[in-house]
Amino acid sequence: MKMKEKVGFLVCVWFVLCGCCLGRFVVEKNSLRVTSPDPIKEVYECAIGNFGVPQYGGTMVGIVMYPKTNKKSCKNFSDFDISFKSKRGGMPVFLLVDRGDCYFTLKAWNAQQAGAGAILVADDRVEPLITMDTPEEEDAKADYLQDITIPSALISKSLGDSIKKELSRGEMVNINLDWREALPHPDERVEYEFWTNSNDECGPKCESQREFVKNFKGAAQILEQKGYTQFTPHYITWYCPEAFTLSKQCKSQCINHGRYCAPDPEQDFSKGYDGKDVVLQNLRQACFYKVANESGKPWLWWDYATDFAIRCPMREMKYTKECADQVIKSLGFDVKQIEKCVGDPEADSHNPVLKAEQDTQIGKGARGDVTILPTLVINNRQYRGKLDKGAVLKAICSGFEETTEPAICLTEEIETNECLESNGGCWQDKAANITACQDTFRGRVCECPVVQGVKFVGDGYTNCEASGALRCEIKNGGCWKGTQNGRTYSACIDDHTKGCKCPPGFRGDGVNSCEDIDECKEKLACQCADCKCKNTWGSYDCSCSGNSLYMHEHDTCISKDAKSGFGWGLVWTIILGLAFAGVAAYAVYKYRIRRYMDSEIRAIMAQYMPLDQGEGASHVPQGNV
């Protein structure tokens, strides 16, 4: 082997190792509950397969069957005249098969073709659970990969042996597969990442991710524009081994002096596009997202990625900067901004965007390192399963906190509305068309609603009552209400947060009934000697005989004349009282003024006119001594 060929071979091996073997890989799991028989009734963990359609956010119940032949499901079951299709009204079949001899995907495909609802692969060795992945080889026989729709799971050898033992004894094994907690769902916004590649010549995986981007674009943009999700695209790069940075192979696959590299698209260094072309287009897409995000329109990345794949394919030799620039301009962006972000690919320094991408590849917390393309990460957990619009949308919908899902997650194509059957077992007022059943992606919750600003309170299952201000606007707050002879009375009081009370003139529970009180018959009013009482609905009328008037406050009758005399007498009494008070006040005022003036005059006279004459006669001038 020539030296150049050896170098090229070693570099290829390095890229493969970097892309497939290095890094911390996290196995994503879901819950498996055996509900019968009793000896193995328990909750177990199983590893979600990276193909098929896991029922994220949901559950699936079925019975387990273990085939007598073709136990590894490597051949078509029709060759053995075996079918696992469930009968009408029966539970789906979870087919238990053994690991080994063929790809996991082929086992699942054969199980699906035979009518199984899900496949459980029993490990053949005692080890921690692993993720069942799709085959790397571009096998022409692997066209079925995108057609696998049943969920799959790898179970431990010990659980597999236990299930087989119970089945051999004639026991029916019932299992509930539960994906409701497979993804975190902390709040009303889902954050997800899509690790992708602009390379369109990498076989079935590149074709599947290109179709996914095109099909998922509409839903992704709606979710992003309305603030339901935060999406970020990412791109994997590797570095060239330091010993080979000056080699022709590294220079053709890397930019920035071997810091950021991608495998050759055709796996042939002598023809077609090079790995560095892929790195540059990946960088250009990452920069487009950066600029679009800074402008407040991150969802336009989906337009760019879709349009670039259509307008600039490798097979037509249009995978160029010029074609990319045309797509950028068509979306209304300045090419100079993108080029400023791309920087100089020949510089012997780090590119900030690609350096950040490499740092993000390293897993943190529950998320493992990203080493496989394409990879979808939802709420910091790697998605497992088919890269399909419906399957991915289900997974994203399962990432919302319950009752905060957007409307798109509650459509018939995505989930089943459990409130349609028996109102989900929740409280309901059919007359007012009010229900406590709230459909969610995971099922339903019974929660008293808020209607027209009025909050209902209760357990949501058997009772909900209107509460707070304006509660009487909704079916009169659930209280009694009656109208008769043009008069309307209600047992609902707006300023009370809850409860019903019959209005004055009625008695009852206030909810179902309020009966009129006959004040006349029960002698509660209008009981004076000259009073005449007549009961009315909710009140009474009281009148007096002759020339008399009824005084409601004192429950008595008085003469109109007496009332007049009494009125004038009161007026004269008030006038005379006021006059007397005025005269008295004036007399007091004059008296106090006189006293004050007398005291002042006496003080002045005491200073200038001594009143003691004895003291004046005893005074003798000194000149006469």
Before you tell me yes or no, could you show the steps for D359 and K355 under salt bridge (Lys or Arg N to Asp or Glu O under 4.0 Å), namely the whole-Å CA-CA distance, both residues' side-chain angles and the distance that decides it to 0.1 Å?
CA-CA 6 Å; D359 292 341; K355 181 66 170 63; 3.1 Å; yes

Given the rule in the side-chain contact (heavy atoms from CB on, under 4.5 Å) test, do W302 and V213 qualify, once you have shown the distances and angles that lead to the verdict?
CA-CA 7 Å; W302 293 90; V213 170; 3.9 Å; yes

For T105 and Y144, what are the C-alpha separation, side-chain angles and deciding distance, and is it a side chain to side chain donor-acceptor pair (under 3.5 Å)?
CA-CA 9 Å; T105 51; Y144 61 82; 3.3 Å; yes

Before giving the answer on side chain to side chain donor-acceptor pair (under 3.5 Å), spell out for S198 and N282 the whole-Å C-alpha distance, their side-chain angles and the decisive distance to 0.1 Å.
CA-CA 6 Å; S198 62; N282 288 349; 2.7 Å; yes

Please determine whether side-chain contact (heavy atoms from CB on, under 4.5 Å) holds for the pair E402 and H185, giving the CA-CA distance in whole Å, both sets of side-chain angles, and the decisive distance to 0.1 Å.
CA-CA 8 Å; E402 202 158 22; H185 43 97; 5.8 Å; no

Would Q428 and T435 satisfy side chain to side chain donor-acceptor pair (under 3.5 Å), going step by step from the backbone distance to the final call?
CA-CA 4 Å; Q428 182 182 30; T435 175; 5.1 Å; no

Just do the salt bridge (Lys or Arg N to Asp or Glu O under 4.0 Å) check on D178 and R180 with the steps written out, would you?
CA-CA 6 Å; D178 191 342; R180 288 177 296 181; 2.8 Å; yes

Test Y103 against M132 for side-chain contact (heavy atoms from CB on, under 4.5 Å), laying out the working first.
CA-CA 9 Å; Y103 294 128; M132 300 183 294; over 6 Å; no

For the pair D101 and K75, evaluate side-chain contact (heavy atoms from CB on, under 4.5 Å) and give the outcome as yes or no after the intermediate values.
CA-CA 10 Å; D101 291 354; K75 297 180 181 179; over 6 Å; no

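Side-chain contact check for Y66 and D98: at least one donor-acceptor pair (N or O, by modelled atom type) lies under 3.5 Å. Side-chain contact check for Q358 and T237: at least one donor-acceptor pair (N or O, by modelled atom type) lies under 3.5 Å. Between T232 and E193, the side chains place no donor N or O within less than 3.5 Å of an acceptor N or O (distance only, hydrogens not considered). No hydrogens or angles considered: nothing links the side chains of S156 and D123 as a donor-acceptor pair under 3.5 Å.
Between C261 and C254 the SG-SG gap is short of 2.5 angstrom. The SG atoms of C426 and C419 are placed at least 2.5 angstrom from each other. The SG atoms of C409 and C397 lie less than 2.5 Å from each other.
For the pair R99 and I130, the minimum side-chain heavy-atom distance is below 4.5 Å. Counting only heavy atoms from C-beta outward, the side chains of I82 and N70 never approach each other to under 4.5 Å. Annotation: side chain of V34 is not in contact with side chain of N174 (no heavy-atom distance under 4.5 Å). With a 4.5 Å cut-off on side-chain heavy atoms, Q113 and F77 do not count as touching. In this structure the side chain of F80 never reaches within 4.5 angstrom of the side chain of K68, judged on heavy atoms. Looking at L159 and L32, their side chains come closer than 4.5 Å, going by heavy atoms from C-beta outward. Contact annotation: the side chain of L393 approaches that of L223 to within less than 4.5 Å [non-hydrogen atoms, C-beta and beyond]. The shortest distance between side-chain heavy atoms of K217 and D303 falls below 4.5 Å.
Counting non-hydrogen atoms of neighbouring residues, nucleotides and ligands closer than 6.0 angstrom, the CD atom of E421 reaches no more than 12 such neighbours. Other residues, nucleotides and ligands place no more than 12 heavy atoms under 6.0 Å from the NZ atom of K214.
The shortest heavy-atom contact between A305 and Q285 is CB-OE1, 4.4 Å. Taking both residues in full, the closest heavy atoms of P37 and M172 are given as CD-O, 3.7 Å, listed atom of the first, atom of the second, then distance. Across G100 and K107, no two heavy atoms sit closer than the pair O-NZ, 2.8 Å. In terms of heavy-atom proximity, L154 sits nearest to V121 at CD1-O, 3.2 Å. In terms of heavy-atom proximity, G399 sits nearest to N379 at O-ND2, 3.1 Å. G160 and L96 get closest at one heavy-atom pair: O-CD2, 4.2 Å.
The backbone N or O of I150 sits less than 3.5 Å from a side-chain atom of Q112, completing a donor-acceptor pair. Using a distance-only test at 3.5 Å, with no hydrogens or angles considered, a donor-acceptor pair links the side chain of N423 to the main chain of W427. Judged by distance alone, with hydrogens and angles left aside, the side-chain atoms of Q281 form a donor-acceptor pair with the main-chain N or O of T320 at under 3.5 Å. Looking at D459, its side chain does come within 3.5 Å of a backbone N or O of Y461 through a donor-acceptor pair. Judged by distance alone, the side chain of N110 and the main-chain N or O of S73 form a donor-acceptor pair under 3.5 Å. Between the side chain of E181 and the backbone N or O of S31, no donor-acceptor pair lies under 3.5 Å. Side-chain atoms of E405 come within 3.5 Å of backbone N or O of T403 as a donor-acceptor pair. With N293 contributing its side chain and Y289 its backbone, the two residues share no donor-acceptor pair below 3.5 Å. Side-chain atoms of E166 never come within 3.5 Å of backbone atoms of V173 as a donor-acceptor pair (strictly under, hydrogens ignored).
Ion pair K165/D161 not flagged as a salt bridge, since none of the NZ, NE, NH1 or NH2 atoms sits closer than 4.0 Å to an Asp/Glu carboxylate oxygen.
Just one of N199, T196, D200 meets the side chain to side chain donor-acceptor pair (under 3.5 Å) condition when paired with Q209; it is T196.
Between I155 atom CD1 and S162 atom OG the span is 9.0 Å, to the nearest 0.5 Å. The line from CG of L167 to NZ of K164 is 10.0 Å long, rounded to the nearest 0.5 Å. To the nearest 0.5 Å, atoms OG1 (T134) and CD (Q146) are separated by 8.5 Å. Rounding to the nearest 0.5 angstrom, the gap separating the CD atom in Q382 from the CD1 atom in I378 is 11.0 Å. Atom CZ in R189 sits 4.0 Å away from atom CD in Q230 (nearest 0.5 Å). Separation of atoms OG1 (T69) and CG (D79) is listed at 10.0 Å; rounding is to 0.5 Å.
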Under 3.5 Å, which donor-acceptor pairs link side chains of residues 43-53 to any protein atom two or more places apart or in another chain?
{"unit_1": "Y44", "atom_1": "OH", "unit_2": "I40", "atom_2": "O", "d": "3.0"}
{"unit_1": "E45", "atom_1": "OE1", "unit_2": "K29", "atom_2": "NZ", "d": "3.2"}
{"unit_1": "N50", "atom_1": "OD1", "unit_2": "G385", "atom_2": "N", "d": "3.3"}
{"unit_1": "N50", "atom_1": "ND2", "unit_2": "D133", "atom_2": "OD1", "d": "3.1"}

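Separation of the Y56 and Y383 ring centroids falls under the 6.0 Å cut-off.
By the ring pair (Phe, Tyr, Trp, His ring centres under 6.0 Å) test, W195 pairs with H234, sequence neighbours left out. With sequence neighbours excluded, the residues forming a side chain to side chain donor-acceptor pair (under 3.5 Å) with W301 are Y235, listed by chain and number.
Classification of the Y192-F216 ring pair by plane angle, with boundaries at 30° and 60°, yields perpendicular.
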